[in-house]
Amino acid sequence: MKPVRVILAGAHGHGWWHLKNLRRLSEAGLVEFVGVCDVRPVDGLPAGVEFSGDLVELIGRTGAEVTILCTPIQTHTGLAARALRAGSHVLLEKPPAATFADYEQILAVARETGLACQVGFQSLGSEAVPAIRKMIADGLIGRVVGIGAAGAWERPYSYFSRVPWAGKREVDGVAVVDGVLANPLAHATATALAIAGGDIEGVEVELYRANTIEADDTSCLRLRMDDGTTVTVAVSLCADRRHEPYLIVHGETGQIRLTYTEDRVEFGGTSTIYPRTDLLENLVAHLREGADLLVPLERTAGFMRVLESVRLAPDPLPIADRFQEIDEERRVLPGIAEVTAAGAERLALYSELGLPWAPAVRDAGNLTPAGAPAPGTPMSETLAQDVRPEATEQEVRPETPARDARSKTPTQDVRPETPAQDARPETPAQDARPETPGDFGDEGAETVGVDVSGVRVAEYVIGTRLPRTSSPRPYLHPVRTLGGTVVTEFAPADHVHHLGVSVAVSDVGGNNFWGGRTYVRDRGPSWLGDHGTQRHLGFSWRDSSGFGESLAWEGADGSEIAREARSVRAVELDGCWALDFSFTLTNLTGGPLPVRSSATKGRAGAGYGGFFWRAPGSAADRRVFTEDADGEEAVHGSTSPWLAMASADWTLVFVQRDDPWFVRVVEYPGAGPALAWETPLLIEGALVRRIVTVVADGRLSRADAAALASEVSW
């Protein structure tokens, strides 16, 4: 059998599982792994595997027969349609889409092209599901009266801040629905529906949240099926530890229990583990041998009806702190595993279990939320009711252990414009324009405090009163160690446009968001009147440890060229703390948006631009080092996973995975990842970055810095 040519879109986070699986199936001769589409490089790809930031171009160049889409939920619709129309079958990660209308758009394109679209509900590849259906058909438990599902996992704070869309119901008006029911424990609902069969007649949903997020982290639902069967799902991400999710099939004469993550079926005192078919293997068999797809897109319509009900339900009810155990890493609802178990056993909702945080009074009547597709509604009708614009492509980061990183990375077109330039270190252009110190004051600006266990460690300034030549933008200053030492500097005389900690880029679409003069090829630093502004629009969430923020990036002419979603959170460590800073910059221009540094215009080594930390110039005995290099010349332009800047009184350890390091320590202390080190970066969808900075008192050794970097890495 000729191997099927496969590419992977989104190779970081959960994409790493697909990379491992592709290597396995390549060795077995079932697939030929031919390409990866991602916004950032992927290390260790097998020889011959192509890499691109353009999905359609990669499909055409490699002749890919199958595209695995492991990207953010809100990107599924647009990317699946592109892949299908480019002639590639699709393995689409769950959930299929963020809205029922988006789901139907994918379905329409699949039918239009005649190509296969398999959805990554891996539990539905288990032979345990048809085995249970046969047990039911054989009458082993009598008439089925209900199916109850339960799942209780634990997730740290970092899980909900790993990417801008994490824990959100929508981002900038685009549906995401990243709650416990729709994403991490979605298999509970999908597997229950696969066993129940039939159509849904009614949906009841209760959404709660213990964490300070938009979406639900502790929720339940009840479905009324057309044959009278009741299906309930009770799940949470606020347990003390991971409890394997399971289903109980309630019959008139007995029960069947399925632990779907283990393919384990328990009945009549016996326990059987069933084999599971990999869904990519099944898709290959479908293409080469005509095998039936195990999870065709059509089969997930019931799940999507449930997701739509979750999307349209009222915002989750907050669970008061007094009902939680709260520490520096996470929030725990004591006994929540037992609560979810009671829901599955009694086919009950949280509001019916006498819980102090779940209100007992509920709305009776029609159980399908207004606007949700009623059972039997023609797909064309539903599509007409809720056609939404194609979601912005974003990068997603992994569901890994504490300090989770990005899961399900996005696919977008990011192509270099010019050849690489000389990377010799050189200082960025300084602001030579005569200004008085008073021009750079920000007295009276609106600020937001950031605390760690009641200690104020940073002030975030959003209502700046800076001159236009400093490219006004929100910034963090002062930032302090837990011992109170200030580790940022604001508007120093050497570079008055350095503003503590901020996102500053020298050229975005011809606009200067760095401040000072703009470097012009063959001319040098020049005043061009091209300064842009980052304008604070509002907060999506706020608590004492941080916030989520929306900003408008406005060019010199006042037009908005990009919209940013920013997340800033302080995390307590042992004897120090870390600033977790991430941002998603979405292109609003309708065309490619280039990001350039002075280095891309001919100023060697001046690749600065992106997240930038200006440290105090008064700090004595400054030193910079990475895991294997010392000194400014050695670390400038390096791609080490962490970089430490230390003085006699403080140490900063920067951790990120995406870009080369821009660093200065001799002339002045400052560091940050360089978005466009030597070649321009082209944003066609959205640019996503995250950096974690450990802030410690005193001078740390390389071993101590490495240990802290490892602790906060994702």
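Every heavy atom of this structure was used, including side-chain atoms; hydrogens, water molecules and symmetry mates were not.
With salt bridges taken as basic N to acidic carboxylate O contacts below 4.0 Å, one links Asp451 and Arg456. Salt bridge status for Arg699 with Asp649: absent, with no side-chain N to carboxylate O gap under 4.0 Å. Between Arg690 and Asp580 a salt bridge is recorded (basic side-chain N to carboxylate O distance below 4.0 Å).
At a cut-off of 3.5 Å, with distance as the only test, a side-chain donor of Glu93 or His18 sits close to an acceptor on the other residue. Side chain to side chain, Arg563 and Thr586 fail the donor-acceptor criterion of an N or O pair below 3.5 Å. Side-chain polar atoms of His498 and Glu489 form no donor-acceptor pair below 3.5 angstrom. A donor and an acceptor atom, one from each side chain of Gln324 and Arg330, are nowhere located under 3.5 Å apart. Checked by atom type, the side-chain pair Trp541/Glu214 shows no donor-acceptor distance below 3.5 Å. Side-chain atoms of Thr518 and Asn512 form a donor-acceptor pair, as typed in the model, at a separation below 3.5 Å. Looking only at atom types and distance, the side chain of Ser52 has no donor-acceptor partner in the side chain of Asp54 under 3.5 Å away. Residues Ser545 and Arg569 bring a donor and an acceptor atom of their side chains to less than 3.5 Å of each other.
Note: Tyr460 and Phe547 have tilted aromatic rings, judged against thresholds of 30 and 60 degrees for the angle between ring planes. Ring geometry for His477 against Phe490 counts as parallel: the plane angle stays under 30°, on a 0 to 90° scale with 60° as the upper cut. Classified by interplanar angle (parallel below 30°, tilted 30° to 60°, perpendicular above 60°), the ring pair Phe581/Phe611 is perpendicular.
Ring pair His636/Trp677: centre-to-centre distance below 6.0 Å.
For the pair Ser582 and Ser161, the tightest heavy-atom approach, listed with the atom from each and the gap, is OG-O, 4.0 Å. Residues Thr533 and Phe513 come closest through the heavy atom pair N-CE2, 3.4 Å.
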Next item on the list: Mind running ring-ring contact (aromatic ring centres under 6.0 Å, His included) on Trp613 and Phe654 for me, showing each step along the way?
Entry: CA-CA 10 Å; Trp613 190 301; Phe654 303 95; 5.8 Å; yes
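Taking the ring centre of Phe612 as origin, the terminal cationic atom of Arg614 falls outside the region bounded by 6.0 Å and 45° from the ring axis.
Residues Arg480 and Val695 form no side-chain contact, since every pair of their non-hydrogen atoms from C-beta on lies 4.5 Å or further apart.
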